[in-house]
Protein chains: 2
Amino acid sequence: MDKDIHILLAEDEPALGMIIKESLETRNFKVTHCLDGQAAWENFQKQEPHLLVLDVMMPKKDGFSLAKDIRTMNDSIPIIFLTAKSQTQDVVEGFTIGGNDYLKKPFSMEELIVRINNLLNRVNLQKNSEILKIGQFTFDFPKQTLTFQNEEPLQLTHREAHLLLHLVKNKNQVLDRSLILNKLWGNDDFFNARSMDVFITKLRKKLIQDSNIQIINVRGYGYKLVC
Amino acid sequence: MDKDIHILLAEDEPALGMIIKESLETRNFKVTHCLDGQAAWENFQKQEPHLLVLDVMMPKKDGFSLAKDIRTMNDSIPIIFLTAKSQTQDVVEGFTIGGNDYLKKPFSMEELIVRINNLLNRVNLQKNSEILKIGQFTFDFPKQTLTFQNEEPLQLTHREAHLLLHLVKNKNQVLDRSLILNKLWGNDDFFNARSMDVFITKLRKKLIQDSNIQIINVRGYGYKLVC
DNA sequence: AACCTGTGTTAACGTGTGTTAACCGATTAG
DNA sequence: CTAATCGGTTAACACACGTTAACACAGGTT
């Protein structure tokens, strides 16, 4: 799952960069290592990574300046700065540019990984699993479409897509009613529960073409999607 | 022009607060001075200022806690913290809450004013000089053009370009309606919301050539551009 | 000045989505 | 068996959003 996460690392010290890269790769991240800000900028435009780890002091283009440029193109991508400096003013500058976290050298790999996971969970988790297969269907969650074999994609609504995502992520196991309700509706009162029932019906209809797929109710507990 | 800018100042030390208030007023800002966090909170709800200057250590409600509450209502209003502390950790805390800048006491008025102007410029006239790719389109924001592959560039209007820029900068994630409205229109009343709907329609039409690009509505929340 | 032209807002009407209600059958407790 | 409960299904509904066109207005042109 993590192998889908792509991190762009900009660090001019080759040895340190190597260590970070390898260390992150053992955690199943895909890492691109650039040795200066200019290279990182070019790579960012080509590859569109999920997260950036930028050294502040680099040749050609420093990390702050690089982050500033990146923010003109993308408001949300998480940025972590690495810096040898410790003055408050630098931290401030990093954050005003739009950095999300800040790590002072020397730091432990554990620290870096904790921060990366933090940021990815905050921003990235929801859109993580891009395109899923359910039996003979293809479920594109970001686009909210459900495609049977090679037919025309069927457009799902926001609620349908989210509910289906939950079911698929927990397929072949019982999903607790109130768990889904709390996650998607915010609370599990009577009316929301009935609303969910309606959506279960809708999903069943849209999944009817593949008879191997079923949304099974477990009375008093919840639902499970089998396929 | 500056006389339209309203700053909410929360500073419990009356003398210092007075100095700041008067100093900002000579720069043509409209300033409301509150002596504790509780008063500032009430005032914020009533007046909806353009920028906040918050002391961190205050009676009744400290600046961090106040900022946290304010961020639940408004993601974008710039917040500057004033603090006597100088530890990096406090700075980090301030920024993770959603502060935009940080000023360590004692500071000069000039410093404060530079930062205020910085933040206001960033919010008001986001200067951008980049060329973005959206699927098979090239979006030149400064020129306000949208080019499909090698065809003739399509001219966008000012509103179209700004709206598209926001969507692209936050692509693949849901962008809050009222956030866009507040940024581009200044407020999120009914009529502006309908106006935005019209522009969404216009953008969809202009992006129709690449079927992988979609502006998806999330009922009650906002839009996301997927590509 | 009168006339276009392009832009953004407002209006009017249509469509889609999510919630609620109503009615039903199935399951289970007593 | 009967009553209570849970879930299935359909339809009614309110309202968010889509779409188109009319409109107002600013800038430029003649």
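A note on names: the letters A, B, ... follow the listed sequences, proteins ahead of strands, and every chain is numbered from 1.
Residue B:Tyr223 is in sugar-phosphate contact alone, with no base atom involved, counting any heavy-atom pair closer than 4.0 Å across all strands shown. At a threshold of 4.0 angstrom between heavy atoms, the contacts of B:Thr157 are confined to the sugar-phosphate backbone, with no base atom among them.
Residue B:Thr201 places at least one side-chain N or O under 4.0 Å from the OP1 or OP2 atom of D:dT19. Residue A:Lys202 places no side-chain N or O under 4.0 Å from the OP1 or OP2 atom of C:dG18.
To the nearest angstrom, P of D:dA16 lies 16 Å from NE2 of A:His158. When rounded to the nearest whole Å, the span between CG of B:Asp176 and P of D:dA16 equals 14 Å. Remark: P of C:dG8 and CH2 of B:Trp185 are 9 Å apart, rounded to the nearest angstrom. Rounded to whole Å, atom P of C:dT28 lies 11 Å from atom CG of A:Asn217. Between the CD1 atom of B:Ile216 and the P atom of C:dT17 there is a distance of 11 Å, given to the nearest Å. Rounded to whole Å, atom C1' of D:dT20 lies 15 Å from atom CZ of B:Arg204. Protein atom CG of B:Leu184 is 11 Å distant from nucleotide atom P of C:dG8, rounded to whole Å. Spacing between atom CD1 of B:Ile200 and atom C1' of C:dG8 amounts to 15 Å, rounded to whole angstrom units.
For B:Phe199, taking side-chain heavy atoms from C-beta onward, the closest of the listed nucleotides C:dT17, C:dG8, C:dT19 is C:dG8. Of the candidate nucleotides D:dT20, D:dT9, C:dT20, D:dT9 has the atom nearest to the side chain of A:Asp197. Comparing C:dT10, C:dG18, D:dC17 by their nearest atom to the side chain of B:Phe191 picks out C:dT10. In the set D:dT9, C:dT9, C:dG18, C:dT9 carries the atom at the smallest distance from any side-chain atom of B:Arg159.
Under the 3.5 Å distance criterion, with hydrogens and angles disregarded, no donor-acceptor pair is assigned to the side chains of A:Asn182 and A:Asn187. Using a 3.5 Å distance cut-off with no hydrogens or angles, the side chains of B:Tyr223 and B:Asp197 do pair a donor with an acceptor.
Heavy-atom nearest nucleotides on DNA chain C were determined for A:Leu156 and for B:Glu160, and the one closer to the 5' end corresponds to B:Glu160. Between A:Gln155 and A:Asn192, the residue whose closest nucleotide on DNA chain C is further toward the 5' end is A:Gln155. Between B:Val198 and A:Val218, it is A:Val218 whose nearest contact on DNA chain D lies nearer the 5' terminus.
The number of heavy-atom neighbours closer than 6.0 Å to CD of A:Glu152, taken from other residues, nucleotides and ligands shown, is 12 or below. The local environment of NZ in B:Lys21 is crowded, with over 12 non-hydrogen atoms from other residues, nucleotides or ligands closer than 6.0 Å.
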*In sequence, state the C-alpha distance, the side-chain angles, and the governing distance for B:Lys206 and B:Leu154, and then conclude on side-chain contact (heavy atoms from CB on, under 4.5 Å).*
CA-CA 8 Å; B:Lys206 297 193 171 178; B:Leu154 195 62; 3.8 Å; yes
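Checked by distance alone, A:Arg177 brings no side-chain donor or acceptor within 3.5 Å of a matching partner on the base of D:dG7. For A:Arg194 against C:dG18, no side-chain N or O and base N or O form a donor-acceptor pair under 3.5 Å. Contact of A:Arg219 with C:dT28 (side chain to base): no donor-acceptor pair of N or O atoms is detected under 3.5 Å.
Ring-plane geometry between A:His6 and A:His50 is classed as perpendicular, the angle between the planes exceeding 60 degrees on a 0 to 90 degree scale with a lower cut at 30.
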